[in-house]
There are 2 protein chains.
Amino acid sequence: MKEQEATKERFAVTGRNRLKRRHDRGRYDHEAVYAVLDAGLLCHVAYVIDGQPYCTPTIHWRAGDWLYWHGSSASRMLRNLKGGTPVCLTVSHLDGLVLARSGFNHSANYRSAICFGTARMIDDPDEKAKALLGVVDRFFPGRAAELRQTHAQESKATTVIGMRIEEASAKVRAAGVGDDEEDYGHPVWAGVFPVQTVIGASEACPRLLPGMAKGAGLAGYLAGRRLDEALLEAQHLYEGEEEVAELAD
Amino acid sequence: MKEQEATKERFAVTGRNRLKRRHDRGRYDHEAVYAVLDAGLLCHVAYVIDGQPYCTPTIHWRAGDWLYWHGSSASRMLRNLKGGTPVCLTVSHLDGLVLARSGFNHSANYRSAICFGTARMIDDPDEKAKALLGVVDRFFPGRAAELRQTHAQESKATTVIGMRIEEASAKVRAAGVGDDEEDYGHPVWAGVFPVQTVIGASEACPRLLPGMAKGAGLAGYLAGRRLDEALLEAQHLYEGEEEVAELAD
């Protein structure tokens with residue numbers, strides 16, 4: 001893949017996001033990148049302070065080509081991001097351990113998305129309020145309206161960071177063992193241990209009021225279900241509701 | 001927690017690794033940090049090239065207070081790390097989604113370890129060979145000896161990166177809903193959706209030789225078992241074997 005301009009469906013390919021190896025596993029289209037981002041709740045954000053890299057795990061959410069994350073205004077990362085700073089936000093899913101007949105061909109099945117952009121504080125009150133609804137409704141569609149309303153001091157104490165995705169790539173391995181042809185006769189077990197992240201039985205708060213059922217937005221979080229599927233479904237519901245709200249405006 | 005010198009059991013606490021918020025969730029002792037690192041296979045490494053942060057997912061393994069990861073010698077990250085460069089390596093486990101009665105008190109249960117150090121190429125042939133055995137045996141104790149031997153050109157094509165952990169912190173949330181006292185009467189469902197990463201039924205390579213059973217080092221990877229438990233157990237087996245080998249030297 002050579003360097004390319006962005007199109008409506010694809011991120012630009014530059015020296016920053018172009019895969020340097022295993023081009024066959026890489027994609028640059030929005031669809032592929034969003035599929036990885038939206039299947040996850042946990043991301044890792046890399047940023048630099050005085051030449052020192054930091055890699056911070058946090059929760060991310062997406063609206064269009066913007067990514068958001070948040071934290072206490074006191075947190076180091078966010079304090080230092082106020083002016084707008086380059087970051088790299090990565091979401092990864094481990095899907096399997098691949099045991100080959102040589103050490104060299106051992107591998108993992110995975111999906112990852114690496115996104116580059118300039119992180120900015122979301123300061124505008126309306127934009128911030130919308131983003132703070134998003135962090136709930138993106139995961140649990142419709143839930144924000146059911147909650148105790150956000151206090152002004154809570155909003156003030158929360159820093160919301162947003163970043164338009166300038167460049168991104170997705171990388172996926174979803175395959176069996178790939179041994180060298182001459183190694184298939186080597187006498188050792190080879191295969192894949194698939195791995196998935198699943199939702200367990202929900203644990204209601206012991207102080208739940210009587211008769212409190214789960215809202216419709218929680219229906220996807222069924223015990224035994226894959227978390228990535230539930231998160232993808234929630235994102236689609238959230239985007240549908242966003243569209244309806246825009247049409248109604 | 002104030003800044004502190006390292007001890008035999010604890011990493012130093014400095015401006016770099018000291019938790020800036022939620023001190024109650026943080027620990028700096030080796031035991032807590034290693035428990036998070038060893039329960040994971042996937043890490044995220046943050047590094048800087050020309051002021052641009054990168055956040056790369058990769059597989060890590062640990063021996064004592066050293067962390068290792070690897071890749072093709074062609075990969076961008078490793079090419080740029082040859083001189084020894086500051087990195088931050090983070091391992092995170094998502095353990096649950098915590099749904100409170102206000103947006104502000106929504107949270108996640110998680111375990112994370114953030115490690116700082118200077119990444120160096122492992123160039124010494126003996127050290128490199130040992131590390132390359134480690135990446136197999138740490139996950140699948142005893143398996144390296146069962147595999148087709150590593151070719152010289154494979155070893156040459158693989159860059160091994162090592163980093164002594166200079167500073168680290170672990171952060172854990174493992175709790176139920178923490179609502180504000182006055183919110184417990186708010187009429188909405190609240191609770192935790194636990195999440196775990198589990199191993200599926202193994203998928204044998206279709207070209208497996210007849211009669212190839214899984215070696216003893218794979219016995220822990222049982223279908224339905226938590227991956228973090230299997231990985232922790234494998235690390236303990238690996239460390240036990242290392243100790244025996246050292247005693248025999």
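Letters A, B, ... mirror the listed sequences (proteins, then strands); counts begin at 1.
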Notebook entry, point to check: What residues of residues 129-139 of chain A sit under 4.5 Å from chain B when you count only heavy atoms?
Noted result: A:V136
Item checked: Side-chain touch B:F104/A:T150, heavy atoms, less than 4.5 angstrom -> no
Notebook entry, point to check: What part of B:R143 gets closer than 4.5 Å to chain A, counting heavy atoms only: side chain, backbone, both or neither?
Noted result: side chain
Next item on the list: Determine, for B:D180 against A:R148, whether the closest basic-nitrogen to carboxylate-oxygen distance falls under 4.0 angstrom.
Entry: yes
Check: What class does the angle between the rings of B:F116 and A:Y54 fall in, given that below 30° is parallel, 30 to 60° is tilted and above 60° is perpendicular?
Finding: perpendicular
Item checked: Interatomic spacing from CG in A:L227 to OG1 in B:T197 - rounded to 0.5 Å -> 8.5 Å
Item checked: Heavy-atom side-chain proximity of B:L147 to A:D183 below 4.5 angstrom -> no
Check: If you take all heavy atoms of A:L208 and B:V188, which pair is closest and at what distance?
Finding: CD1-O, 3.8 Å
Margin query: Quick check for you: to the nearest 0.5 Å, what is the distance between B:E146 atom CD and A:R101 atom CZ?
Written below: 13.0 Å
Margin query: So B:V195 and A:V198, do their side chains get closer than 4.5 Å, heavy atoms only?
Written below: no
Notebook entry, point to check: Tell me, side chain or backbone of B:V177 under 4.5 Å from chain A's heavy atoms, or both, or neither?
Noted result: side chain
Note to self: Between B:W189 and A:F140, is there a side-chain heavy-atom distance shorter than 4.5 Å?
What the structure shows: no
Notebook entry, point to check: Side chain, backbone, both or neither: which part of B:A100 has an atom under 4.5 Å from a heavy atom of chain A?
Noted result: backbone
Notebook entry, point to check: To the nearest 0.5 Å, what is the distance between NE2 (A:H93) and CG (B:L42)?
Noted result: 10.5 Å
Checklist line | Proximity breakdown for B:A144 and chain A, heavy-atom pairs closer than 4.5 Å | finding: neither
Next item on the list: Look at atom CD of A:E203 and say whether more than 12 heavy atoms of other residues, nucleotides or ligands are closer to it than 6.0 Å.
Entry: yes
Next item on the list: Tell me, out of B:S112, B:G176, B:A108, B:A213, who's got the most heavy-atom pairs with chain A below 4.5 Å.
Entry: B:A213
Next item on the list: Measure distances from B:S102 to the heavy atoms of chain A and classify the residue's part below 4.5 Å as side chain, backbone, both or neither.
Entry: both
Checklist line | Atom of A:C55, atom of B:C88 and distance for their closest heavy-atom approach | finding: N-SG, 3.3 Å
Notebook entry, point to check: Are any of the side-chain nitrogens in B:E181 or A:R207 under 4.0 Å away from the carboxylate oxygens of its partner?
Noted result: yes
Item checked: Any B:K214 side-chain heavy atom under 4.5 Å of A:F193 side chain -> yes
Notebook entry, point to check: Looking only at heavy atoms, what is the nearest atom pair of B:T90 and A:P57, with distance?
Noted result: CG2-CD, 3.9 Å
Notebook entry, point to check: Looking at A:P194, A:A46, A:G191, which one has more heavy-atom pairs under 4.5 Å with chain B than the rest?
Noted result: A:P194
Checklist line | Top contributor to chain B interface from A:D179, A:L99, A:L97, A:V98 [non-hydrogen pairs under 4.5 Å] | finding: A:L99
Item checked: Part of B:L89 within contact of chain A (heavy atom distance under 4.5 Å) -> neither
Next item on the list: Under 4.5 Å heavy-atom distance to chain A, tell me which part of B:I59 shows up: side chain, backbone, both or neither.
Entry: side chain
Next item on the list: Using the test side-chain hydrogen bond (donor to acceptor under 3.5 Å, both in side chains), find all partners of A:H44 that sit at least two apart in sequence or belong to another chain.
Entry: B:H44, B:S92
Margin query: Can you tell me which of A:A201, A:G215, A:C115, A:C205 forms the most heavy-atom pairs within a distance under 4.5 Å of chain B?
Written below: A:C205
Notebook entry, point to check: Can you say whether B:H186 sits under 4.5 Å from chain A via the side chain, the backbone, both, or neither, judging by heavy atoms?
Noted result: both
Checklist line | Minimum heavy-atom distance between B:M212 and A:P187, given as atom pair plus value | finding: SD-C, 3.2 Å
